[in-house]
Amino acid sequence: MNLEILSETEQNLLSQLIESAQHIVICCHKSPDGDAIGSSLAWAEYLRDRKKEPQIIIPDAFPDFLKWLPGIERMMRYDKHKEEADKIFAEADLIFCLDFNASTRVDDMQTALDASPAQKVMMDHHLNPTMDTALTISHTDMSSTCEIVFRVVWQLGGFDMMNRKAAVAIYCGMMTDTGSFTYNSCRPEIYTIIGYLLTKGFDKDKIYRQVYNNYSSWAIRFRGFIMSQKLNVINDYNASYFCITRQEMRNYHFVKGDAEGLVNEPLRIRGQKLVISLREDTDKDNLIWVSLRSVDDFPCNEVAARFFNGGGHLNASGGKLFCTMDEAERTVRDAIMAFGDRLKD
């Protein structure tokens, strides 16, 4: 099975960029998830195999359930070390932008990224890449950026040198970005890649437990509260939504990651086609984070783009609103009604 995704010209350019670079930065999007973190860690390991010393800089905190990933302690948080990170960006001659399609996705880090004189390489699987880069490796049909990283490493001849840490990071990113291989994961190449990764000697079942069975007792109570008290099921439209307020998060000692995957739970209801979650930002007023999930051919990315200033994949998308929670809830109901004919089918 052919896993190669680069043209000969792209492969040669990428190798030349790596060989000539002295100061390499790897960065990913705000609120990094398993795919953003996993692809960054794995690509850094590959570059170290190439005798480079990349610095990973992430905009802000990652979910608590990813703290176990090997090498994660070497990442620099921009929101904690802005002055030092700005200097690193300014001195970089090559920046790898992983798991985002526009510099706006890095939030407060955007100014430093855009101002850097470094050449930039994007590896991403989101729609409509807009960054000015020396090389854009964008494949929207792929499960994750981790899958893209694996394919690039494979094509560059780096798989034999790949260590267990890199394999674990790639598997974790592929697993989390597909909901444990329950959406956007039907292509046979995905399982060929998993087979190769498992030759590196890690326990994939343990990775699952470390990600999905790693909550505090407060987090379990929080998730139960949201599903039992906050879930709104609109049976006539095969849709549901729920809202999470800042005060509710405080009540249950919320830490980043406690709501991860919660938006998938209502899809267990028979016939459900669309689920939307609304969550108040923990610090900024009138900022609501939106997650959308759907099944089959219902395009939640269209809903995200039209109503929530967002986008994403067919069955997994996100966005944000700048309003109160009451206003956001009205927008959700408007969105469901607008797509009502397709939801009723």
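Because the structure is predicted, anything quoted here is derived from the model rather than measured. Because only heavy atoms are used, hydrogens play no part in the values below, and waters and symmetry mates are left out as well, while side chains stay in.
- No hydrogens or angles considered: a donor-acceptor pair under 3.5 Å links the side chains of Tyr241 and Arg333.
- Using a distance-only test at 3.5 Å, with no hydrogens or angles considered, no donor-acceptor pair links the side chain of His29 to the main chain of Phe100.
- Between Asp341 and Lys344 there is no salt bridge, since no side-chain nitrogen of the basic residue lies less than 4.0 Å from a carboxylate oxygen of the acidic one.
- In the displayed structure, Phe202 atom CZ is contacted under 6.0 Å by more than 12 heavy atoms of other residues, nucleotides or ligands.
- Remark: side-chain polar atoms of Thr130 are not paired, donor with acceptor, to backbone N or O of Ala102 under 3.5 angstrom.
- Between Lys204 and Tyr208, every side-chain heavy-atom pair lies at or beyond the 4.5 Å cut-off.
- For the pairing with Lys30, the salt bridge (charged side-chain N to carboxylate O under 4.0 Å, His left out) check across Asp99, Asp107, Asp79 returns one residue only, Asp107.
- Ile148 CD1 to Trp43 CH2: the interatomic distance, rounded to the nearest 0.5 Å, is 11.5 Å.
- Proximity of a side-chain donor or acceptor of Asp258 to a complementary backbone N or O of Val255 within less than 3.5 Å is detected.
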For Gln229 and Glu248, what are the C-alpha separation, side-chain angles and deciding distance, and is it a side chain to side chain contact (heavy atoms under 4.5 Å, CB included)? CA-CA 11 Å; Gln229 303 298 316; Glu248 289 162 349; over 6 Å; no

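- Residues Glu302 and Arg342 meet the side-chain proximity criterion, which asks for heavy atoms closer than 4.5 Å.
- Aromatic ring centres of Phe150 and Phe159 lie closer together than 6.0 Å.
- With rounding to the nearest 0.5 angstrom, the CG atom of Asp86 is 11.0 Å from the CG atom of Leu113.
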I would like to know whether Trp68 and Cys172 meet side chain to side chain contact (heavy atoms under 4.5 Å, CB included); could you show each step before the answer? CA-CA 11 Å; Trp68 59 271; Cys172 181; 4.1 Å; yes

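- Distance alone, capped at 3.5 Å, is enough to place a donor-acceptor pair between the Ser294 side chain and the Leu314 backbone.
- Between Lys87 and Glu84 there is no salt bridge, since no side-chain N of the basic residue sits under 4.0 Å from a carboxylate O of the acidic one.
- We find that Asp108 and Lys82 are not joined by a salt bridge, their nearest charged nitrogen and carboxylate oxygen being 4.0 Å or further apart.
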Evaluation steps, side chain to side chain contact (heavy atoms under 4.5 Å, CB included), between Ile244 and Phe222: CA-CA 10 Å; Ile244 301 173; Phe222 168 76; 3.7 Å; yes

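- In this structure, Phe225 and Asn251 have side chains that are not in contact, with every pair of non-hydrogen atoms separated by 4.5 Å or more.
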